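Below is one structure; the comments refer to it alone.
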Amino acid sequence: MHPFIHQSHAARVVFGAGALEHLAREVALLGAQRVLVLSTPAQRQQAEEAASRLGERAVGVFDQAAMHVPAAIARQACEHAAAVGADATLAFGGGSTIGLAKAIALETGLPILAVPTTYAGSEMTPIYGITEGGLKKTGRDLRVLPRTVIYDPELTLGLPTAMSITSALNAMAHAAEGLYAQDSNPVTSLMAEEGLRALGQAIPALSADPQGMEARETALYGAWLCGSVLGSVGMALHHKLCHTLGGSFDLPHAETHCVVLPHALAYNAQAAPRAMERIARALSQDDAPSAVFNLARAHGAPTSLRELGMAEADLDRAAALACENAYWNPQPLTYDAIRALLGRAWAGAAPQAHS
Ligand code: NAD
C-alpha cells in the first residue's frame with residue numbers, strides 16, 4: 001500500500017426516506033435563527049414547504065438559482081440575505097441551488113444546510129463555481145462546504161426519469177475518476193467502488209420504476225458516496241473535458257458527463273488498470289469503459305455530443321482547450337489523442353482504448 005493522506009470533511013449527514021421531517025431539529029443544531037431558503041424558480045413550491053417547517057426560523061425563499069451560478073444572481077442573493085438578516089442558508093435542490101448557497105457562503109460566511117434533490121454531489125464538496133462574462137471561475141474553499149446535509153430520497157421522486165439517469169451517471173463519473181486520482185487513498189477508493197456499485201444497481205431499477213423507493217434510496221446513497229469522493233480527491237481528464245464542453249460550448253452538465261465518461265475511461269484504461277478493475281467489478285462487468293457506455297445506452301442517456309447540439313467544427317477548439325493549463329492525468333495528454341477521443345464522443349461511437 002502506498003503512503004496516503006486522507007482529509008475527511010466534517011459534514012453531518014442525515015439520510016432516509018422522510019428525513020426532511022428532521023429539518024427543524026437540524027437547523028436548531030446548527031444554531032441558526034434566520035434561515036434563507038434557496039431554490040430554482042421550478043422548485044419554489046417545495047422550497048416554501050421546507051420553509052414552512054421552520055416557522056419563524058425561516059426568513060423567506062429566494063428562488064432565482066440558475067445553472068452555473070451567474071455572478072449577478074449571486075450578488076442579488078447576497079444582498080437579499082443581508083436585507084433579511086439571514087444567519088444561514090438552506091439550499092433545496094440540485095447542484096445549481098447548492099452552487100448559489102456556496103457563492104453566498106464564499107462572500108458572507110453564512111453556513112449551509114443542503115437538501116439535495118439530484119445526484120450531482122455538490123453538497124459534499126468544498127468546490128464552488130461562479131460564472132461571469134461567459135467564464136466560470138471555480139475554486140476550493142472550506143467555507144462553502146455544507147455543514148449539514150439531509151438526504152431524503154422521497155424528494156427525488158419528482159426528478160424526471162431521464163434526468164435521474166443522467167444525474168446518476170454524472171455521479172458515477174466522480175467515483176470513476178476518483179479511483180485513478182493521483183491523491184486517492186484506500187478510504188476514498190472504498191467509497192468510490194461502493195458508490196459505483198449502488199448507482200450501477202439503481203439506474204436499471206429507476207429506469208424500470210422511477211417511483212420505486214428502494215431504487216431512489218440506493219441512488220441517493222450512491223450519489224452521497226460519489227460526491228464525497230469528488231470532494232476529497234483531484235479529478236482528471238474526464239472532468240476537464242466536461243468543464244470545457246460545458247463552459248465554452250454551453251453543453252448541458254449531466255448529459256455531457258454521460259457522453260464523455262466511457263471515452264475518458266478508455267483513454268486512461270491502460271494507464272490505470274487497477275481503477276478499471278474496480279469500476280468493472282462494481283458494475284459486474286469485464287470492461288469498465290464499455291460497461292459505462294452500455295449502461296448509458298441501455299437506459300436512454302445520451303451517448304453523442306452531436307445529439308447535445310455540439311457542432312463538429314468545434315471539436316478542434318475543444319481539444320485544444322482541453323490540453324491547455326497542464327493538469328495531472330494517468331495517461332499523458334496529447335492533442336491528437338484528445339481530438340480522436342472527442343471525435344468518437346461526438347459521433348456516439350463505442351469507446352476505444354488509447355493506443
Ligand atoms: P440543477 O441543479 O441545475 O437542476 C436541474 C433542474 O432540475 C432544475 O430546474 C431544478 O429545479 C430541477 N430539479 C432538481 N431536483 C429536482 C427534483 N427532485 N424534482 C424535480 N425537479 C428537480 O442540476 P444538477 O445536475 O443537480 O446541477 C448541475 C450544476 O451543479 C452545474 O452547474 C454543475 O457545475 C454544478 N455541480 C457542482 C459541483 C461542485 O462540487 N461544486 C458538483 C456537481 C455539480
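One is the number of the first residue; the rest follow in order along the sequence. Every number for a ligand or one of its atoms is a count from 1 in the order of the listing. These figures come from a predicted structure and were not determined experimentally.
Atom CD of Glu107 and atom OH of Tyr128 lie 11.0 Å apart (nearest 0.5 Å).
Among protein heavy atoms, the minimum distance from atom 20 (C) of ligand 1 is reached at Gly158 O, 3.4 Å. Here the heavy atom of the protein found nearest to atom 5 (C) of ligand 1 is Met163 CE, 3.7 Å. Closest to atom 32 (O) of ligand 1, if we only count protein heavy atoms, is His68 ND1, 3.1 Å. When only non-hydrogen protein atoms are considered, atom 44 (C) of ligand 1 lies nearest to His253 NE2, 3.6 Å. Among protein heavy atoms, the minimum distance from atom 16 (C) of ligand 1 is reached at Gln43 NE2, 3.3 Å. For atom 41 (N) of ligand 1, the closest non-hydrogen atom of the protein is Ile127 O, 2.9 Å. Nearest to atom 8 (C) of ligand 1 among the protein's heavy atoms is Thr40 CG2, 4.2 Å. Protein heavy atom in closest approach to atom 43 (C) of ligand 1: Ala120 O, 3.4 Å.
Between the side chains of Thr97 and Gln43, no donor-acceptor pair of N or O atoms lies under 3.5 Å. Looking at His299 and Ser207, their side chains do bring a donor and an acceptor atom within 3.5 Å of each other.
Set against the non-hydrogen atoms of Leu230, the atoms of ligand 1 under 4.0 Å away are 40 (O), 42 (C). The atoms of ligand 1 that sit less than 4.0 Å from any heavy atom of Lys102 are 39 (C), 40 (O), 41 (N). Remark: ligand 1 atoms within the under-4.0 Å shell around heavy atoms of Gly95 are 2 (O), 24 (P), 26 (O), 27 (O), 29 (C), 30 (O). Short contacts between ligand 1 and Gly94, defined as distances under 4.0 Å to a heavy atom of the residue, involve ligand atoms 2 (O), 26 (O).
Crowding of Glu307 atom CD: a count of heavy atoms from other residues, nucleotides or ligands under 6.0 Å exceeding 12.
Between His174 and His239, the ring-plane angle classifies as tilted under the 30° and 60° cut-offs. Between His80 and Phe62, the ring planes are tilted. Angles from 30° to 60° get that label. The aromatic rings of Tyr151 and Phe15 are tilted relative to each other, their planes meeting at an angle between 30° and 60°.
Not a single heavy atom of Gln46 sits under 4.0 Å from any atom of ligand 1.
When the heavy-atom distances from atom 29 (C) of ligand 1 to Ser96, Ala47, Gly93 are ranked, the shortest goes to Ser96. The residue among Thr131, Val69, Leu155, Thr125 with a heavy atom at the shortest distance from atom 18 (N) of ligand 1 is Leu155. The residue from Ile98, Leu159, Thr117 that puts a heavy atom closest to atom 21 (N) of ligand 1 is Leu159. For atom 36 (N) of ligand 1, the nearest non-hydrogen atom from the set Cys226, Ser122, Pro126, Ala65 comes from Ser122.
With Tyr267 as reference, Leu341 is the one residue of Val260, Leu241, Leu341 to meet the side chain to side chain contact (heavy atoms under 4.5 Å, CB included) rule.
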inquiry  = Show, in sequence, the C-alpha distance, side-chain angles and deciding distance for Glu48 and Arg44, and conclude whether the salt bridge (Lys or Arg N to Asp or Glu O under 4.0 Å) test is met.
reply    = CA-CA 6 Å; Glu48 275 177 358; Arg44 175 158 190 121; 2.7 Å; yes
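Hydrophobic cluster membership differs between Ile127 and Leu106, with clusters built from Ile, Leu, Val, Met, Phe, Trp and Tyr side chains linked at under 4.5 angstrom.
The pair Glu79-Arg75 does not count as a salt bridge, with every side-chain nitrogen at least 4.0 angstrom from each carboxylate oxygen. Here Arg281 pairs with Glu193 in a salt bridge; the nearest charged N to carboxylate O distance falls below 4.0 Å.
The proximity of Arg44 to ligand 1, defined as any non-hydrogen pair under 4.0 Å, does not occur for either the backbone or the side chain.
The N/O atoms of Lys136, backbone and side chain alike, include one that comes under 3.5 Å of an N/O atom in ligand 1.
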